[in-house]
Amino acid sequence: MLTSRGPRLAAGARSHLLVLGAVALGLKAVGFWLDRFELVFSPRGIVFGAAYTDIYASLPVLGALAVFAALCAVACLAQIARSGLRLVAGGLVALALVWVVGLGVYPALLQRFRVTPNELAAERPFIGHNIRMTRQAYGLDRIVEREFPADEALDARALERNAATVKNIRLWDYRPLLRTFAQLQEIRTYYKFVDVDNDRYVVNGEYRQLMLSPRELSYQHLQSRIWINEHLTFTHGYGAVVGPVNRITAEGLPEFLVKDIPPQSTSGFPKITRPQIYYGEVSNEYVLVRTKSQELDYPSGDQNVYTTYSGVGGIPLSSFFRKVAFAMRFGEIKILLSNDLTDQSRIMIYRTVTQRVRQIAPFFRFDRDPYMVVDDDGRLIWMLDGYTTTDRYPYSEPVPGMGNYIRNSVKVTIDAYDGSVTFYRADDTDPIVRAYGGAFPGLLKPLDKMPETLRRHIRYPEDFFAIQARKYATYHMLDPQVFYNKEDLWAVPRRAIEGRDRDMEPYFTIMRLPGEQKEEFILLTLFNPARRDNMIAWMAARSDPPNYGRLIVFNFPKQKLVYGPRQIDARIDQDPIISQQLSLWNQRGSSVIRGSLLAIPIDQSLIYVQPLYLAAAEQGALPELRRVIVAYGNQIAMEPTLEQSLSRIFGGRPTATSAATPSTSSTEGSAEGAASARQLGQRAWEIWSRAQDALRRGDWATYGAEQKRLEETLRALTQSK
């Protein structure tokens, strides 16, 4: 209140404020006490987590501050019975002094004069905590290390023993393959191939790596984007194309196991019985099915084939109020006024598969690359990997945007026809996924409940593997001193891809791991020493049961030079014959596209394979696979097929595993014979050109070898006629 002597607090107001002050200080005391536990997430030290200064300065000071704040709260209550504010003022001054000195000045002085001069000795135990906890958080402690001698004892017999590995070396890179698929199989402008997925199937009893791309409907490319077309007529994509990763036709184009509309399956691949794709990667916001308007199924010449949806996907528009609700939801009055809708009509929403699963389970993170599977019944099923993450794992080094703990604990399947979503629990050791399973009963099914036809196509997720690889490049060092000095720091190799320097992407392949009895589907990545280009190790993630999820790192001998990807690129560029041929192609109105450089371990050796594609420079070019480069040790070969390149380096008779399958008909046989003759003639010309180049250089050894190859090629050309 205001008096002649100035403002004064009434006794009741004074007591009320002192009680509020006591409550605030009590809460602050609790806050100081809890802040002690936050130190294990401290980013201030040499590694993430509580360091020397945090433990020996901040930790005791926070405890002292909690006590001081509690005493100040008691002082506020005691001050109620006394006049003045001396107890409170004294307590607050003491609290502020301890706060500033204890959390500001003292830690800085301790860091400057105690830790910095003896950093390794002081921080050693905390570096050890960081190494151990980071490895646990990212599953790196489960990695098994083995030695890989990278000897040079590979020969033709070793290649024959590993024929399944050689037959599954991927020659088609997804970037040019998407362009080729677009030119050959999109059929109409409104169809689009968005991505190419690598998977494995048993085809005619043979375990093979295949590339599959769904033919989705791209609404941006419709000729007329009126409401009826976008939401009632063009409702779904149709089918997929499937081809082996290593097969090419005589024209350098991919060979198909599934192609065309409606999809035609050959060579024992399962027939696609339900080709409609209502849920995909580029679907629009909503479509209306079971309407009076016909849905376009697929184009057929001048006529179109139409269909009516017969599944259980979507939400029934069985009442006027539902139509009103969806008209308001999408801001579209036509939903309410359209005469094409009936009581049987259904509306499909959240048709993009990643958006769909996020709507159901937003507490999981999901991989950026859903992939499609053709099950044994011929249905198209999307598969997607889900992750549990947190940023509350003590001492674990975080990944920007992902937290500092991650597990691939969830597998999701989405039916492309009816949109049904099923979540499976893939890692029972993960406490986070167990907690979500308890919070949402029935959401997560055990992985063994997944149909066997789908379980065969589970694969190790690329995003998770890339994170693990980057962490392992640092956290394979277990000794704190080695870790502190970064003596053995690794890095994922970098290459120039489409004019930009980027990290090499992990890639899937079928191969027989050293010491194993049979081939399996693995995800593979490479490691270089930091700031060096030679290879130091490679990591494999196994996808086939019963070894799914197991990681193996194969270390190269440190006393031996093993060429890395960038060094192989440089050696290819420096090869006079290869560089001359590439320059010649680039000058004739065409462009050479260099595919992914793949390192393929075979037995205890390593070969590199890189496909070369030729495409016209104009718009709408059709990339064709024209050459395959193989590098082994100091030897490099570039031939029209992988088998010919391997034969040139290792000898032996090449097997036609990547050529088109010979036809039994006389017409096809004669056409193939003509194509074979053209290939032999082209090869003879290239050999003669190399021989002349060697002659001009005075390299008589090369000239003699090329003359011998020319003789063999001409003999083969004569026999082919």
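Note that the coordinates shown come from a computational prediction; the quantities given were computed from them, not determined experimentally.
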Engineer: Rounded to the nearest 0.5 Å, what separation is found between the OG1 atom of Thr134 and the OH atom of Tyr395?
Structural biologist: 11.0 Å
Engineer: Pairing donors with acceptors under 3.5 angstrom, does anything connect the side chains of Tyr460 and Gln468?
Structural biologist: yes
Engineer: Can you give me the closest heavy-atom contact between Ala240 and Val258, atom names plus distance?
Structural biologist: O-CG1, 3.4 Å
Engineer: State plainly whether the residues Arg550 and Glu516 are in salt-bridge range, i.e. N to O under 4.0 Å.
Structural biologist: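 No, this pair does not count.
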Engineer: Taking Val241's backbone N and O only, do any of them form a donor-acceptor pair with Ser213's side chain (distance below 3.5 Å, no angle check)?
Structural biologist: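 Absent.
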Engineer: Would you sort out whether Phe256 and Phe181 count as a ring pair (Phe, Tyr, Trp, His ring centres under 6.0 Å), showing the intermediate values?
Structural biologist: CA-CA 10 Å; Phe256 294 105; Phe181 280 172; 5.7 Å; yes
Engineer: Within the structure provided, determine whether Val433 and Asp427 are in side-chain contact (heavy-atom separation under 4.5 Å).
Structural biologist: no
Engineer: Quick one: CH2 on Trp585 to CG on Leu614, what's the gap to the nearest 0.5 Å?
Structural biologist: 6.5 Å
Engineer: Does Trp490 have any side-chain hydrogen bond (donor to acceptor under 3.5 Å, both in side chains) partners at least two apart in sequence or in another chain, and if so, which?
Structural biologist: His476, Asp488
Engineer: Could you tell me whether the side chain of Ser583 and the main chain of Ser579 form a donor-acceptor pair under 3.5 Å?
Structural biologist: yes
Engineer: Taking side chain as C-beta onward, heavy atoms only, is Leu526 less than 4.5 Å from Tyr507?
Structural biologist: yes
Engineer: When you check the gap from the basic side-chain N to the acidic O, do Asp501 and Arg495 get nearer than 4.0 Å?
Structural biologist: no
Engineer: Run the numbers on Arg175 and Glu505 for salt bridge (Lys or Arg N to Asp or Glu O under 4.0 Å), then give the verdict.
Structural biologist: CA-CA 13 Å; Arg175 297 176 183 89; Glu505 300 172 345; 3.3 Å; yes
Engineer: Identify the two heavy atoms, one from Gln610 and one from Gly595, that lie closest to each other, and give their separation to 0.1 Å.
Structural biologist: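 Result for this residue pair: NE2-O, 3.1 Å.
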Engineer: Looking at every non-hydrogen atom in both residues, tell me the closest pair between Lys560 and Ala150 and how far apart they are.
Structural biologist: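 Reported closest heavy-atom pair: NZ-O, 2.5 Å.
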Engineer: Let me confirm one number: the CG-CZ distance from Leu210 to Arg200, rounded to the nearest 0.5 Å.
Structural biologist: 11.0 Å
Engineer: Between the side chain of Ser396 and the main-chain N/O of Asn404, is any donor-acceptor distance below 3.5 Å?
Structural biologist: yes
Engineer: May I have all residue pairs that pass ring pair (Phe, Tyr, Trp, His ring centres under 6.0 Å) and include part of residues 134-163, sequence neighbours excluded?
Structural biologist: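 Qualifying pairs: Phe148-Trp538, Phe148-Phe556.
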Engineer: Would a 4.5 Å heavy-atom cut-off, applied to side chains only, mark Thr509 and Arg170 as touching?
Structural biologist: no
Engineer: To the nearest 0.5 angstrom, please state how far the CG atom of Asn408 sits from the CZ atom of Arg365.
Structural biologist: 14.0 Å
Engineer: Give a yes/no verdict on a cation-pi contact between Lys486 and Tyr484, requiring under 6.0 Å between NZ or CZ and the six-membered ring centre and an angle within 45° of the axis.
Structural biologist: no
Engineer: If you measure from CE on Met383 to CZ on Arg455, what distance do you get to the nearest 0.5 Å?
Structural biologist: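 Those atoms lie 10.0 Å apart.
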Engineer: What distance do Ile406 atom CD1 and Asp463 atom CG have between them, rounded to the nearest 0.5 Å?
Structural biologist: 8.0 Å
Engineer: Passes side chain to side chain contact (heavy atoms under 4.5 Å, CB included), Asp197 versus Asp369? Steps please.
Structural biologist: CA-CA 9 Å; Asp197 300 315; Asp369 183 27; 3.7 Å; yes
Engineer: What are the two closest non-hydrogen atoms of Leu597 and Met504, and how far apart are they?
Structural biologist: O-CE, 3.4 Å
Engineer: So Asp385 and Tyr371, side chain to side chain contact (heavy atoms under 4.5 Å, CB included) or not? Walk me through it.
Structural biologist: CA-CA 10 Å; Asp385 287 279; Tyr371 61 100; 4.2 Å; yes
Engineer: Would you indicate whether Arg157, at its atom CZ, is surrounded by more than 12 heavy atoms from other residues, nucleotides or ligands within a distance under 6.0 Å?
Structural biologist: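 Incorrect, the count does not exceed 12.
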Engineer: Does a salt bridge link Asp533 with Arg566, judged by any charged N lying under 4.0 Å from a carboxylate O?
Structural biologist: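 Salt bridge: yes.
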Engineer: Measure the shortest side-chain to side-chain distance between Val399 and Lys471 over non-hydrogen atoms and say whether it is less than 4.5 angstrom.
Structural biologist: yes
Engineer: Measuring only between side-chain heavy atoms, which start at C-beta, is Trp172 closer than 4.5 Å to Tyr613?
Structural biologist: yes
Engineer: Determine whether the aromatic ring centres of Phe465 and Tyr472 lie less than 6.0 Å apart.
Structural biologist: no
Engineer: Any chance you could lay out the side chain to side chain contact (heavy atoms under 4.5 Å, CB included) test for Met511 and Leu524, step after step, and finish with the verdict?
Structural biologist: CA-CA 10 Å; Met511 62 167 289; Leu524 187 148; 4.2 Å; yes
Engineer: Is the ring centre of Tyr632 less than 6.0 Å from the ring centre of Phe650?
Structural biologist: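 Yes - the distance between ring centres of Tyr632 and Phe650 falls below the 6.0 Å cut-off.
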Engineer: Treating Ser645 as the side-chain partner and Val628 as the backbone partner, does any N or O pair qualify as donor plus acceptor under 3.5 Å?
Structural biologist: yes
Engineer: Ignoring hydrogens and geometry, is there a side-chain-to-backbone donor-acceptor pair from Asp479 to Gln481 under 3.5 Å?
Structural biologist: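 Indeed, once roles are kept as given, a pair shorter than 3.5 Å links the two residues.
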Engineer: Return yes if some donor-acceptor pair links the side-chain N/O of Arg132 with the main-chain N/O of Asp141 below 3.5 Å, else return no.
Structural biologist: no
Engineer: Could you go through Glu519 and Arg512, starting from their C-alpha distance and side-chain angles, then the distance that decides it, and tell me whether this counts as side chain to side chain contact (heavy atoms under 4.5 Å, CB included)?
Structural biologist: CA-CA 4 Å; Glu519 284 74 19; Arg512 181 161 57 87; 3.6 Å; yes
Engineer: On a heavy-atom basis, which atom in Arg648 and which in Met638 lie closest, and how many Å separate them?
Structural biologist: NH1-O, 4.1 Å
Engineer: Other residues, nucleotides and ligands only: do more than 12 of their heavy atoms fall within 6.0 Å of CD on Glu487?
Structural biologist: yes
Engineer: Does NZ in Lys518 sit with more than 12 non-hydrogen atoms of other residues, nucleotides or ligands closer than 6.0 Å?
Structural biologist: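 At most 12 heavy atoms, drawn from other residues, nucleotides or ligands, come within 6.0 Å of this atom.
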Engineer: Ignoring hydrogens and angles, state whether a donor on the side chain of Ser605 or Asp151 is under 3.5 Å from an acceptor on the partner side chain.
Structural biologist: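 Ser605 vs Asp151: donor-acceptor pair found between side chains.
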Engineer: Answer yes or no: is there a donor N or O on one side and an acceptor on the other, between the side chain of Tyr608 and the main chain of Tyr563, under 3.5 Å?
Structural biologist: yes
Engineer: Any heavy-atom pair between the side chains of Asp569 and Arg594 that's under 4.5 Å?
Structural biologist: yes
Engineer: Do Pro254 and Leu177 have side-chain heavy atoms sitting under 4.5 Å apart?
Structural biologist: yes
Engineer: Among side-chain atoms of Tyr475 and Asn130, is any donor-acceptor pair under 3.5 angstrom?
Structural biologist: yes
Engineer: Does some side-chain heavy atom of Leu212 sit less than 4.5 Å from a side-chain heavy atom of Tyr201?
Structural biologist: yes
Engineer: If we ignore hydrogens and angles and just use 3.5 Å, is the side chain of Asp544 paired with the main-chain N or O of Phe521 as donor and acceptor?
Structural biologist: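 Present.
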Engineer: Taking Arg459 first and then Asp199, would you say they form a salt bridge - that is, a charged N and a carboxylate O separated by under 4.0 Å?
Structural biologist: no
Engineer: Without swapping roles, check the side chain of Asn162 against the backbone of Thr165 for a donor-acceptor pair under 3.5 Å.
Structural biologist: no
Engineer: Search all heavy atoms of Arg626 against all heavy atoms of Ala250 and return the closest pair with its distance.
Structural biologist: NH1-O, 4.0 Å
Engineer: Is there a donor-acceptor contact under 3.5 Å linking the side chains of Gln209 and Asn198?
Structural biologist: yes
Engineer: Donor-acceptor pair, Asp376 side chain versus Pro270 backbone, under 3.5 Å?
Structural biologist: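 Looks like no, no N/O pair under 3.5 Å.
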